[in-house]
Amino acid sequence: MSNSVDAVIKAHRLLPVIEIQDVAQAEPLAAALMAGGLPVAEVTFRSKAAPEAVRLMRKTEGLCVGAGTIINVEQAELAISSGAQYLVSPGCFPKVIAYAKSKGIPIFPGIATPTDIGTALECGIDVVKFFPAEAYGGLNTLKSLSGPFPQVRFVPTGGISEKNLASYLAHPKVLACGGSWMVEKSLLNEGKWDEVRARVAAAVALVKSCTPAS
Ligand code: 3PG
């Protein structure tokens, strides 16, 4: 990982997974994240607005903006040219990883099995997104996966909320957790920026009460 992305993710341990449908949401959302104490965003490339949202959010000083749901090289190219500082994929795609590396952009590929982890390691990646975490057995599966791969750190995502966040973060191989609960699409669509700020602040407070990752 590049030093700045590494530092911000290690310090904050949260990746808010965002789906923006309207670019007008980008700037108030960036402000709500910062006000809640979380200078990190993962803008998923599932909507037409995503590239422009990344570009607009990058205007907020100190906010580390990544692109999520990157499943092919074309999307990776668009995300990076829009200013994405890191990429997240739902699966482990060697061509996408190689492209991100060639551009010097950190990438967190998704894994759910030992074979996926092996592929990530072959591509030179040792920080992976465990996705979809809860559907694939949650913390028990993560513990089993980390046994044979002690060098790997995980960013579990999928089904995580304030209810199970602390239990994931307590595992020494969990670097950070991702999720949409802080920035639910309905809150963005209804412009409920105070609620976004409050959910972000609550998650940040919960992280502070947890032991840091190894
Ligand atoms: C993702 O894209 O990483 C997931 O959809 C986020 O999962 P969640 O909505 O269960 O947090």
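The structure displayed is predicted, hence computed values, not measured ones. Atoms within a ligand are numbered from 1 in the order they appear, just like the ligands themselves.
- A donor-acceptor pair under 3.5 Å links the side-chain atoms of T141 to the main chain of Y136, judged by distance alone.
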Worked check of side chain to side chain contact (heavy atoms under 4.5 Å, CB included) between L165 and L14 | CA-CA 9 Å; L165 175 65; L14 290 168; 3.9 Å; yes

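- Under the 3.5 Å distance criterion, with hydrogens and angles disregarded, no donor-acceptor pair is assigned to the side chains of S186 and N189.
- Evaluation of the side chain to side chain contact (heavy atoms under 4.5 Å, CB included) rule for D126 yields L121 as partners, not counting sequence neighbours.
- E42 places no side-chain N or O within 3.5 Å of a backbone atom of G66 that could act as its donor or acceptor partner.
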Considering only N or O atoms, set out every pair between ligand 1 and the protein closer than 3.5 Å, with distances to one decimal place.
residue, atom, partner, partner atom, Å
ligand 1, 2 (O), R46, NH2, 2.2
ligand 1, 3 (O), K129, NZ, 2.7
ligand 1, 9 (O), S180, OG, 2.6
ligand 1, 10 (O), G159, N, 2.8
ligand 1, 11 (O), S180, N, 2.9
ligand 1, 11 (O), S180, OG, 3.3

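- Using modelled atom types, one side-chain atom of T157 and one backbone atom of V155 make a donor-acceptor pair closer than 3.5 Å.
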